[in-house]
Every structure is written in C-alpha cells, then in structure tokens.
Amino acid sequence: MIPLAVPELAGNEARYLQECVTSGYVSSAGPFVGRFECEFAARLGAEHAVACASGTAALHVALRLLGAGPGKLVAVSDFTFIASANAISYTGADLLLVDSEPRTWNMDTELLHDEVVRRARDGGRLPDVIEIVHVLGHPADVEPLLELRNRFGIPIVEDAAESLGASWKPGPQVGTVGDIGCFSFNGNKLVTTGGGGMIVTGDRSRADRARHLINQAKLTDDQYLHDTIGYNYRLANVGAALGVAQIERIDDIMRAKRLIAQRYERWLTGLAVTPAPCAQWARPSYWLYSVLLGEAVDPDSIVDAASSAGVQARRVWPPLHRQRPYVHTERLGGHVADNLYRRGLSLPSSAGLAESDQRVVCDRLRRILPAAP
C-alpha cells in the first residue's frame with residue numbers, strides 16, 4: 001500500500017532522541033524545547049514561538065489570549081478539520097461558520113468582510129475573534145480580514161496547522177500576519193514531533209502569557225502556586241528533539257512536496273479531475289495534494305478502488321455544518337464547502353514519496369478515473 005502521508009525521518013532524529021535518553025531529559029524539561037522554539041521562530045521570521053502539546057492546544061491558548069470565551073463570537077472556516085472548531089468550543093465561545101471560496105478552498109473572506117460591515121451598520125453582533133484556516137497547505141486571502149481588524153479591532157488567529165512553509169508571494173509565510181499563528185506537528189504534517197504544536201506571535205507579553213498558561217499557570221518552579229486555570233499543554237523534550245531534526249531538513253521537505261505537486265499536475269492531465277488550487281499570489285506547501293473529482297464521479301467508490309489497487313486515498317473532511325456537534329451552528333453560506341466535500345480527494349503526498357511510486361499512483365488512477373469530458 002502506498003500511504004497517504006507518513007513522516008520523513010532521514011536526518012538527525014535518531015541521534016537527538018538518543019541524546020534525550022542518555023541525558024534523561026525526556027519530559028518537558030530539556031534543551032531541545034527552547035532550541036526548537038528559537039529555530040522555528042527564526043524559520044518563519046517570527047519574534048516569539050511557544051511549543052505546545054498539540055496544534056489544538058496551541059489554538060485553544062491562542063483563542064483564550066485574544067479574548068474568546070462565554071458570550072463571545074468567533075468566526076471560523078466551515079471547511080476545515082473539526083479541531084479548528086473544537087478549540088473555539090473549549091473556550092465557551094459561540095461559532096460563526098463561514099463558507100469557502102472555490103479559488104483556494106479557504107474561507108470566503110470577502111463574504112465575511114461584507115457580513116461584518118453589514119452587521120456593524122445594522123447594529124448586529126460582530127465577531128470578537130476571527131480564526132482563519134489555511135487548509136491543505138494553501139494560504140487564505142487575508143486582506144479583507146486585515147481590513148476588518150483595522151476598522152473594527154477584531155483580532156485574527158491563523159490556524160496554519162496544515163500549511164507550514166506556505167506563503168504569499170511576494171510576502172510573508174502563513175502564521176505571521178495575524179495576531180497569533182498556530183501550527184501542528186502531528187505525524188502526517190510537513191514537520192512532525194510525533195504530536196505537538198506551536199504558537200507564534202510578535203507580542204512578547206502574549207508569548208509569556210501563553211508559556212504561563214501551558215504550564216498549569218504555575219507561578220514558581222519550587223511551589224505549587226497558580227494564579228488562574230492553566231493547562232498541561234507543554235511539549236516534551238523528546239518531541240522537540242524530533243522537531244529540531246525536522247526543521248534542519250525543512251527545505252528538502254518543501255522541495256519534495258512541491259515536486260510531488262508538479263508531477264501530479266502533469267501526470268493527471270486528461271482525467272476528470274481539477275488540480276489542487278494554486279492562486280497566482282500564493283506559494284502553497286501542498287501538505288496533502290488534493291483534487292476535485294468530476295461531477296459524476298463517486299468519491300467513495302474511487303477511494304475503495306484505489307485501496308484495492310494498493311493506493312491510499314482519502315476524502316476531504318465534511319464541512320463543520322455537517323458535523324453532529326455543529327449542525328445547528330450559525331453559518332454564512334455553505335454550498336461551496338459542500339461541493340468540496342462531495343468532490344474532494346487527497347492523494348499520497350509523503351515527502352519521501354518516490355517518483356516511481358507516484359507514477360504507480362497515477363497509472364492506477366488512470367484505470368479508475370474517467371477521462372475528462
């Protein structure tokens with residue numbers, strides 16, 4: 001079976017893990033945590049980075065730092081993995097789900113912009129925070145959100161869990177234009193710590209507060225004194241050791257991801273599929289190379305046929321408005337997100353995917369998928 005996405009552990013991972021074992025620093029204490037934070041921040045051009053136990057933990061803390069809580073409203077992409085919404089729910093805030101736009105599959109930020117302006121004019125309820133998700137490795141169009149922040153003071157959390165290395169061109173990397181950016185290092189992400197996350201921000205006080213909250217809001221190292229409700233959200237030294245080794249190879253990983261995307265675009269030509277989005281102003285990182293199947297193609301049958309042929313493919317997520325916890329949540333639109341779910345398919349995208357294996361994937365898809373009309 002050619003897998004969907006597995007980690008590429010071809011650098012100093014084993015060496016650094018052995019250092020953790022030899023030194024005994026395997027928990028949240030140890031030198032690799034601070035090193036990972038510094039090297040990650042430098043890589044993004046961010047001023048501060050705080051390592052967390054997961055990307056969801058990073059989002060939860062970021063949302064709390066920006067004021068999300070009971071009685072507050074957070075606007076979030078409808079088409080995203082459910083963790084983006086769950087982190088909001090952890091704070092007790094209400095959600096406003098915003099449909100996607102077909103060019104990038106990300107939040108339709110023009111739709112949200114116009115809705116906020118209308119609500120402000122009519123005395124309606126405005127979002128207190130906006131969580132913008134850069135899905136599947138493609139940057140979102142953030143300009144309308146920056147205008148809302150400037151005009152109404154609405155802070156922005158960037159959920160960049162799937163998009164490390166993606167950027168606007170010419171311009172900054174994702175995670176660095178909002179008030180706080182959040183990343184995930186799950187086993188299938190571009191960079192992995194086995195599980196983990198990162199908060200990045202240009203505000204030192206927010207970084208200090210985040211570090212305090214993820215350590216159970218502990219006031220001192222030698223006494224059990226705490227000043228608020230905190231969380232056990234620290235990243236272990238062993239995970240950070242993996243992260244350091246991965247960051248050392250991120251340029252190689254990114255080149256591999258983009259080469260895989262180029263091959264898919266060439267080798268799937270002529271089939272009833274629409275290639276992965278790539279806006280003219282964006283430089284995606286192609287976490288999972290995902291396509292849209294033809295209107296008449298059943299995605300479940302394609303997944304099953306691909307599996308029988310030794311290829312792991314996967315449907316994209318259902319929109320949040322179709323997930324049981326959020327079926328009654330307020331939303332703007334939803335038709336585009338529904339279409340993405342109905343037609344979207346992710347293909348094998350491991351950074352270590354050999355050219356020969358990728359050719360096998362495409363050859364077998366040619367036997368399964370109909371030709372373009």
Side-chain angles (χ1 to χ4, degrees), residues 6-62 64-65 83 87 160-161 164-165 175 180-201 204-253 351-352:
V6 293
E8 174 74 355
L9 306 174
N12 288 315
E13 289 85 358
R15 175 187 159 196
Y16 293 162
L17 286 174
Q18 184 59 53
E19 286 185 29
C20 294
V21 173
T22 301
S23 68
Y25 286 112
V26 296
S27 66
S28 57
F32 280 109
V33 176
R35 181 175 167 184
F36 185 37
E37 291 174 338
C38 290
E39 294 183 11
F40 190 85
R43 176 69 198 191
L44 264 68
E47 293 185 38
H48 309 284
V50 180
C52 301
S54 68
T56 309
L59 280 173
H60 182 197
V61 171
R64 179 171 167 182
L65 289 173
L164 174 61
I180 300 177
C182 298
F183 295 83
S184 169
F185 308 123
N186 195 25
N188 62 359
K189 295 299 194 294
L190 283 94
V191 163
T192 185
T193 59
M198 191 76 79
I199 292 170
V200 298
T201 179
R204 176 178 291 277
S205 63
R206 283 178 178 151
D208 290 343
R209 185 64 175 168
R211 192 165 280 110
H212 181 60
L213 289 174
I214 69 170
N215 192 31
Q216 296 285 23
K218 193 176 182 181
L219 288 171
T220 62
D221 289 334
D222 58 344
Q223 296 186 54
Y224 296 110
L225 299 175
H226 311 262
D227 63 352
T228 189
I229 295 173
Y231 315 101
N232 183 15
Y233 280 174
R234 296 166 295 177
L235 180 65
N237 195 51
V238 289
L242 283 174
V244 170
Q246 292 269 282
I247 286 292
E248 290 173 348
R249 297 190 59 255
I250 191 170
D251 288 331
D252 292 337
I253 293 171

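The first residue in the sequence is number 1, and the count goes up from there.
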Pairwise side-chain contact, [X] with [Y], heavy-atom cut-off 4.5 Å (strictly under):
X    : Y    : result
I250 : R43  : yes
V200 : I180 : no
T228 : R209 : yes
Q246 : T192 : yes
L235 : I214 : no
D227 : H212 : yes
R211 : E37  : yes
N237 : V26  : no

Output the distance between atom [atom1] ([X]) and atom [atom2] ([Y]), rounded to the nearest 0.5 Å.
X    : Y    : atom1 : atom2 : result
H60  : L65  : NE2   : CG    : 10.0 Å
R234 : N215 : CZ    : CG    : 4.5 Å
N232 : L213 : CG    : CG    : 12.5 Å
F185 : S54  : CZ    : OG    : 11.0 Å

Apply salt bridge (charged side-chain N to carboxylate O under 4.0 Å, His left out) to R15 and list each qualifying residue two or more places apart in sequence or on a separate chain. E19
Check the pair I199, C52 against side-chain contact (heavy atoms from CB on, under 4.5 Å), reporting the backbone distance first and the verdict last. CA-CA 7 Å; I199 292 170; C52 301; 3.9 Å; yes
Please determine, by modelled atom types, if D208 and H48 share a side-chain donor-acceptor pair under 3.5 angstrom. no
Can you name the closest pair of heavy atoms from [X] and [Y] and give their distance?
X    : Y    : value
S28  : V33  : O-CG2, 3.7 Å
L59  : A83  : CD1-O, 4.3 Å
A245 : E13  : CB-N, 3.5 Å
C182 : A58  : SG-O, 3.5 Å
V244 : E39  : CG1-OE1, 3.7 Å
I253 : A351 : CG2-CB, 4.0 Å

Strictly under 6.0 Å, is that where the ring centroids of F36 and Y16 end up? no
Do the ring centers of F183 and F40 come within less than 6.0 Å of each other? yes
V6 meets the side chain to side chain contact (heavy atoms under 4.5 Å, CB included) criterion, sequence neighbours left out, with P3, S350
Does CG in L225 sit with more than 12 non-hydrogen atoms of other residues, nucleotides or ligands closer than 6.0 Å? yes
Determine whether a donor-acceptor pair (N or O, by modelled atom type, separation under 3.5 Å) exists between the side chain of H226 and the backbone of Q216. yes
